[in-house]
Asks: 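I have a structure here, written as structure tokens, and I will follow up with some questions on it.
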Amino acid sequence: MGVVNVTPDSFSDGGRFFNPDAALAHARKLVADGADILDIGGESTRPGAAPVSEDEELGRVVPLLKSLRDAPLPISVDTRRPRVMREALAAGASLINDVEALEAPGALEAVALADCGVCLMHKKGDPATMQRDPQYADVVAEVKGYLAARIAAAEQAGIARDRIAIDPGFGFGKTPAHNLELLRRLDEFRSLGVAVAAGWSRKSTLGVITGKPVEQRLAASIAAALLSVQHGAHILRVHDVAETRDALAVWQALCER
Ligand code: 7PJ
């Protein structure tokens with residue numbers, strides 16, 4: 001899953017693709033690079049990000065979706081808002097990626113009424129404050145329990161299990177130690193019976209480990225992506241599609257005989 005940020009303040013490529021033509025060109029490049037899914041986001045959810053109005057988010061996402069109507073792959077929209085979900089689905093999106101796991105009032109219904117997929121992600125707290133000393137007794141038990149409850153809520157709302165993926169939400173209200181524990185035990189999430197997604201690309205834990213700023217985290221991101229697959233991930237959310245594809249090709253040549 002290749003990330004297309006249409007935001008002026010995303011931490012990883014803040015502002016580079018804010019202009020609609022640049023966002024479209026970037027989306028097309030990720031398709032050419034071998035993405036299986038594009039994930040379009042119009043609201044930055046990085047730690048400390050400022051909120052965006054609903055109209056502004058729609059104005060960023062919907063025109064890009066319309067420009068990508070004929071794209072040869074499913075398009076996901078990274079949003080927490082039911083109205084953005086509905087309008088994005090009407091404009092051609094086929095997957096909703098929600099860092100709030102459809103907790104907003106009306107979000108379960110917006111997805112249930114469509115025929116789309118959904119990725120339910122765990123986060124602890126709100127983006128503005130979530131990195132202030134997050135605490136867990138057992139991070140895997142807590143995140144897994146939360147995702148199990150959100151799968152149940154989605155099913156109860158009429159969203160069939162085969163439409164659902166889950167994501168532990170690396171970096172969302174988690175310390176580096178929490179993120180590493182979740183990665184080490186990622187395979188435990190597979191017993192929830194749905195696809196497992198992982199997003200490590202350029203994240204700050206990789207900066208803590210390597211001492212590198214965000215624009216120098218490609219190698220660390222690829223290492224984390226491969227380790228996520230080794231530990232059971234089915235979907236990788238990445239910025240650097242071509243490079244991650246190459247690394248995965250070597251992995252697959254070795255492992256899929
Ligand atoms: C994630 C996401 C992630 C899923 C973001 C960033 C911050 N969606 N949206 N998983 N991260 N499913 O790109 O670093 O890890 S926004």
Side-chain angles (χ1 to χ4, degrees), residues 1-17 26 30 35-52 57 60-61 74-81 84-85 88 93 95-103 107 111 116-128 130-131 143 146-147 150-151 154 164-174 176 178-180 182-183 186 189 194-208 213-215 217-218 220-221 224-225 227-228 231 233-241 244:
M1 172 188 275
V3 179
V4 182
N5 286 316
V6 200
T7 56
D9 60 347
S10 150
F11 93 98
S12 53
D13 45 22
R16 272 173 60 212
F17 310 115
H26 187 61
L30 296 186
D36 293 319
I37 306 171
L38 293 181
D39 187 39
I40 296 177
E43 180 203 26
S44 176
T45 45
R46 79 185 154 85
V52 191
E57 188 182 350
R60 295 173 182 182
V61 169
I75 303 205
S76 158
V77 171
D78 190 340
T79 187
R80 316 191 264 182
R81 291 181 164 130
V84 177
M85 294 174 189
L95 181 68
I96 297 297
N97 173 33
D98 184 3
V99 302
E100 277 181 3
L102 305 182
E103 283 205 63
V111 168
C116 61
V118 64
C119 183
L120 305 172
M121 199 197 81
H122 173 271
K123 72 173 173 57
K124 191 177 181 100
D126 284 312
M130 67 190 176
Q131 289 307 107
V143 173
Y146 171 83
L147 291 173
R150 296 312 298 159
I151 292 169
I164 302 173
I166 51 166
D167 186 323
F170 294 106
F172 284 82
K174 285 127 189 154
H178 294 139
N179 291 322
L180 291 169
L182 285 165
L183 176 54
L186 192 63
F189 288 85
V194 300
V196 176
W200 270 94
S201 189
R202 304 182 185 173
K203 283 190 176 169
S204 75
T205 290
L206 301 175
V208 171
V214 66
E215 66 280 5
R217 294 181 193 157
L218 174 59
S221 298
L227 289 164
S228 296
H231 288 270
H234 303 94
I235 301 169
L236 300 173
R237 184 178 178 279
V238 307
H239 298 89
D240 302 287
V241 169
T244 309

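Counting starts at 1 for both ligands and their atoms, in listed order.
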Asks: How does K203 reach ligand 1, if at all, at less than 4.0 Å between non-hydrogen atoms: by side chain, backbone, both, or neither?
Replies: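 Side chain only; the backbone of K203 stays clear of ligand 1.
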Asks: Should one rank D98, N97, N5 by closest heavy-atom distance to atom 8 (N) of ligand 1, which comes out on top?
Replies: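 Nearest option to atom 8 (N) of ligand 1, by heavy atoms: N97.
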Asks: Does D167 reach ligand 1 with a nitrogen or oxygen that is under 3.5 Å from one of the ligand's nitrogen or oxygen atoms?
Replies: yes
Asks: In plain terms, say whether D167 and R237 are close enough for a salt bridge, that is, a side-chain N and a carboxylate O under 4.0 Å apart.
Replies: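 Judged by the 4.0 Å cut-off on N to carboxylate O distance, D167 and R237 do not form a salt bridge.
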Asks: Contact between F172 and ligand 1, counting heavy atoms under 4.0 Å?
Replies: yes
Asks: Would you mind reporting whether H239 and S221 have side-chain heavy atoms less than 4.5 Å apart?
Replies: no
Asks: For L120, run the side-chain contact (heavy atoms from CB on, under 4.5 Å) check against V111, D98, I151, V194 and tell me which one passes.
Replies: I151
Asks: Is there a side-chain contact between K203 and F172 (heavy atoms, below 4.5 Å)?
Replies: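 With C-beta onward as the side chain, the pair touches.
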Asks: Test side chain to side chain donor-acceptor pair (under 3.5 Å) on T205 and N179; report intermediate values, then the result.
Replies: CA-CA 8 Å; T205 290; N179 291 322; 2.8 Å; yes
Asks: Check this for me - ligand 1, D78, N or O atoms closer than 3.5 angstrom, yes or no?
Replies: yes
